[in-house]
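Written below as structure tokens is the structure these notes are about.
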Amino acid sequence: MFYALTGELGFTPKMYKSVRDNREEIEEVLLKAIEENDVVVTTGGTSMGDRDYTLEVVKDIGEVIIHGVKIRPGKPFGFGRCSLGEKETLLYMLSGYPVAAVVQWELFFRGYFRSRRSIYLPLKRGVPSTAGRTDVVRVKLVSENRRTYVEPLRIRGSGVLSSLKDGDGYILVEEDIEGYEKGDYVKV
């Protein structure tokens with residue numbers, strides 16, 4: 001998926017082998033990728049579990065600048081850099097959960113290199129949220145009576161791929177509000 005998304009942005013993607021939750025294997029593949037690329041994107045190993053080694057390896061060979069963001073899904077995002085000789089490589093460390101990883105990709109990678117177009121449309125129903133974090137809500141565009149509305153998908157979870165397949169976009173419910181009411185215009 002990220003190979004295709006990288007190519008869509010105009011970059012020349014290169015895929016490396018998948019590795020197990022093994023510190024030495026992660027370091028070996030990561031060092032090779034860093035040596036051969038200006039930007040490296042990883043998936044998995046960004047949480048604080050017993051077998052999440054990606055961040056530890058990056059701390060050993062480079063610098064972790066960001067770890068953890070106040071979004072759902074996608075909290076265990078990481079960003080760092082590593083210098084080998086005079087060459088510096090940027091590291092985007094995405095979640096191992098597919099939906100969280102796509103959200104992180106959209107907000108932090110794609111959003112940095114090329115933003116998407118947006119449109120303001122009314123909500124078909126309300127979207128509750130918890131203050132203190134930004135919720136990324138996948139949405140579908142629906143037409144009724146010659147009007148277009150935003151229908152929030154009811155699917156929650158970082159691994160629910162159907163929310164990506166069925167969705168047409170996303171809305172952000174910023175951390176300082178507790179959601180939107182039916183009929184509110186939101187940026188999609």
Could you walk me through whether Phe109 and Phe113 pass ring pair (Phe, Tyr, Trp, His ring centres under 6.0 Å), step by step? CA-CA 6 Å; Phe109 189 88; Phe113 291 104; 4.9 Å; yes
Shortest non-hydrogen contact between Val29 and Lys17, atoms and distance: CG2-CE, 3.7 Å
Does Gln104 reach the main-chain N or O of Gly74 with its side chain, forming a donor-acceptor pair under 3.5 Å? yes
Ile171, Tyr185: one ILVMFWY side-chain cluster at the under-4.5 Å cut-off? no
Within a 6.0 Å radius of atom CG on Asp50, are there more than 12 heavy atoms belonging to other residues, nucleotides or ligands? no
So, the side chain of Asn37 versus the backbone of Val39: is there a donor-acceptor pair under 3.5 Å, distance only? no
Heavy-atom closest contact (Pro98 atom, Met1 atom, distance): O-CE, 4.4 Å
Ile119 CD1 to Lys187 NZ distance, which is reported to the nearest 0.5 Å: 12.0 Å
I need the minimum non-hydrogen distance between Pro152 and Val127, along with the two atoms involved. CG-CG2, 3.4 Å
Nearest 0.5 angstrom please: Tyr112 OH to Leu90 CG, how far? 7.0 Å
Could you grab the distance from atom CG of Leu31 to atom CG of Leu84, nearest 0.5 Å is fine? 6.5 Å
Indicate yes or no for a side-chain donor-acceptor contact from Arg138 to the backbone of Val136 under 3.5 Å, with no hydrogens or angles considered. yes
In terms of heavy-atom contacts, Asp21 and Tyr53 come closest through O-CE1, 3.2 Å
What do the steps show when you test Phe79 against Phe108 for ring pair (Phe, Tyr, Trp, His ring centres under 6.0 Å), and what is the final call? CA-CA 9 Å; Phe79 175 76; Phe108 305 116; 9.3 Å; no
Atom CG of Asp168 and atom OG1 of Thr148: how far apart are they, to the nearest 0.5 Å? 10.5 Å
For residues Val186 and Leu153: do they belong to one hydrophobic cluster (side chain heavy atoms under 4.5 Å, members Ile, Leu, Val, Met, Phe, Trp, Tyr)? no
Honestly curious: do Leu30 and Tyr92 fall in one hydrophobic cluster under the side-chain, below-4.5 Å linking rule? no
d(Glu36 CD, Lys87 NZ) to nearest 0.5 Å is 9.0 Å
For Val150, run the side chain to side chain contact (heavy atoms under 4.5 Å, CB included) check against Leu121, Val142, Asp184 and tell me which one passes. Leu121
Is a side-chain N or O of Thr46 found less than 3.5 angstrom from the main chain of Gly78, in a donor-acceptor match? no
How about Leu172 and Leu107: do any of their side-chain heavy atoms sit closer than 4.5 Å? yes
Which pairs with one or both residues in residues 88-110 pass salt bridge (Lys or Arg N to Asp or Glu O under 4.0 Å), sequence neighbours excluded? Glu8-Arg110, Arg81-Glu88, Glu106-Arg116
May I ask you to check whether over 12 heavy atoms, not counting those of Arg51, lie within 6.0 Å of atom CZ? no
Which distance, rounded to the nearest 0.5 Å, do you find between the NZ of Lys124 and the NZ of Lys182? 6.5 Å
Would you say that more than 12 heavy atoms from the other residues, nucleotides or ligands in this model lie under 6.0 Å from the CD of Glu178, or not? no
Show the nearest heavy-atom pair for residues Arg147 and Pro122, with the distance to one decimal. NH2-CG, 3.8 Å
Work out which heavy atom in Tyr3 is nearest to a heavy atom in Lys14; give both atom names and the distance. CE1-N, 4.1 Å
Going hydrophobic residue to hydrophobic residue with side-chain gaps under 4.5 angstrom, can you get from Val69 over to Val41? yes
Cluster overlap Trp105 with Leu91, hydrophobic side-chain contacts below 4.5 Å: no
